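Structure first, then comments.
Just so you know, ligand 1 is whichever comes first in the structure, and atom 1 is the first atom listed for that ligand. These figures come from a predicted structure and were not determined experimentally.
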Amino acid sequence: MNGIPLVHASLGEQELAAVAEVFASGWPAGQGPRGKALEAQLAERFGVDGAVALSNCGVALHLALLALGVEPGDEVIVADYSFPAPAHAVRYLGATPVFADVRADTGTVDPQAVADLVTPRTVGVIAVDTVGLPADYAELNALAERHGLFVIEDAACAVGATYRGRPAGALAPVACVSFHGRKGATSGEGGALLTSDPAVAEHARLRSAFGITSIFDQAQVVGLPIPTFTEIGYNYKLSDIAAAILQVQLNRLDELLERRDAVAARYAELLGDEELLTLPRVPADRTHTWQSYLVTLDRSVDRTAVAAELRGRGIGCGHGTWASHLQPAFESKQACPVSADLFERQLAIPMHAELDTDQVERVADALRGAVRAHAARPV
Ligand SMILES: *Cc1c(COP(=O)(O)O)cnc(C)c1O
């Protein structure tokens with residue numbers, strides 16, 4: 001019996017053909033014709049004025065905080081149950097990440113928890129679309145407006161999700177997305193900053209390229225323009241090779257999302273009646289990209305034993321995401337009990353666009369058997 005991987009990127013012939021075109025063009029570096037075309041495609045798809053192609057979502061968060069003027073000593077409230085990139089980015093600027101607990105049913109940041117953490121030093125909030133499910137932006141944006149705070153949407157996993165009919169990636173004034181190999185659309189590594197504020201986009205684009213404008217563009221001018229370095233910048237550009245791959249991936253995105261949706265729907269049919277499992281809940285006003293499919297195990301179930309059994313049968317699985325405040329790097333003394341509980345009890349089971357119905361059924365059977373075998377009280 002073949003193994004069933006937890007994740008599998010859907011990259012194929014079309015992406016290879018796009019890469020071959022970049023090779024032939026002679027410009028594989030960033031901010032060339034492909035990068036520009038990708039930025040236009042992103043701006044159109046998300047309905048935003050500014051899209052900046054970047055080497056990953058982590059650097060997009062860094063540039064977003066820089067553009068918003070975050071300084072040492074500032075506090076930025078971050079969603080706790082997440083890959084901890086938002087807290088890392090806050091620390092890049094010498095500011096303090098303040099961890100906000102999440103909703104038990106969605107894993108997304110709890111707007112009330114955010115409200116309770118606002119102090120005179122708070123400058124903004126980074127909300128996370130947890131493994132592809134948008135957070136509560138109506139409440140979060142209203143709260144931010146009341147307190148004069150910025151909101152950044154970490155939509156790393158949520159390209160293709162919607163909230164009240166609007167696309168994730170455009171739910172806050174500044175958003176960051178990821179095209180890492182574990183996300184729904186990928187160039188291996190990749191990311192973008194999306195914003196309704198052209199000044200933020202310009203600020204970020206310059207600082208993604210050592211503080212100067214596109215070298216490719218400069219070479220198209222007749223004459224000899226010599227750029228001046230007026231800012232300390234970084235090299236956070238996305239290569240045109242990656243941009244070409246992403247143009248194909250974005251064209252395929254709706255089809256890839258449909259396939260993930262079908263897998264999620266089948267898991268719900270097959271496992272919805274299992275008392276030892278809580279399946280993901282998607283509120284009616286939003287849609288999920290299913291970057292990950294996280295089930296929550298009953299407290300009586302030994303998660304480590306379940307995972308070992310699944311992996312022993314060749315079925316990929318993993319923990320959910322992280323309770324950020326518990327990661328030693330941040331030396332936090334805060335408590336986020338809901339996030340800590342999800343961190344202990346959630347299990348990621350195979351979710352990608354290449355799963356067939358037979359594999360989904362095998363996963364569901366194996367999972368049901370494993371949770372029953374490893375529950376403290378007999379079932
Ligand atoms: C994956 C992820 C990131 C990091 O994205 P990279 O492109 O790998 O830097 C940031 N935030 C969240 C919520 C993520 O899931």
**Prompt:** Do any nitrogen or oxygen atoms of C157 lie less than 3.5 angstrom from nitrogen or oxygen atoms of ligand 1?
**Reply:** no
**Message:** Just to confirm my output: which protein heavy-atom neighbour is closest to atom 1 (C) of ligand 1, and how far is it?
**Reply:** K183 NZ, 1.8 Å
**Request:** Measure the distance from atom 11 (N) of ligand 1 to every protein heavy atom, then report the residue, atom name and distance (to 0.1 Å) of the closest one.
**Result:** D154 OD2, 2.7 Å
**Request:** Report the part of A85 in contact with ligand 1, treating N, CA, C, O as backbone and CB onward as side chain, heavy atoms under 4.0 Å; options are side chain, backbone, both, neither.
**Result:** side chain
**Message:** Below 3.5 Å, N or O to N or O, backbone or side chain included: is there any such pair between S178 and ligand 1?
**Reply:** yes
**Request:** Test F210 against Y234 for ring pair (Phe, Tyr, Trp, His ring centres under 6.0 Å), laying out the working first.
**Result:** CA-CA 5 Å; F210 288 115; Y234 303 86; 8.4 Å; no
**Message:** Using a 4.0 Å cutoff against the non-hydrogen atoms of N56, which atoms of ligand 1 qualify?
**Reply:** 6 (P), 7 (O), 9 (O)
**Request:** Provide the number and element of each atom of ligand 1 under 4.0 Å from a heavy atom of G190.
**Result:** 7 (O)
**Prompt:** Which atoms from ligand 1 have a heavy atom of V128 less than 4.0 Å away?
**Reply:** 13 (C)
**Fill in**
So for R182 against ligand 1, with non-hydrogen atoms under 4.0 Å, the contacting part is neither
**Asked** Would W322 and F83 count as a close aromatic pair, with their ring centres under 6.0 Å?
**Response** yes
**Prompt:** Which of the numbered atoms in ligand 1 are below 4.0 angstrom from a heavy atom of S82?
**Reply:** 13 (C)
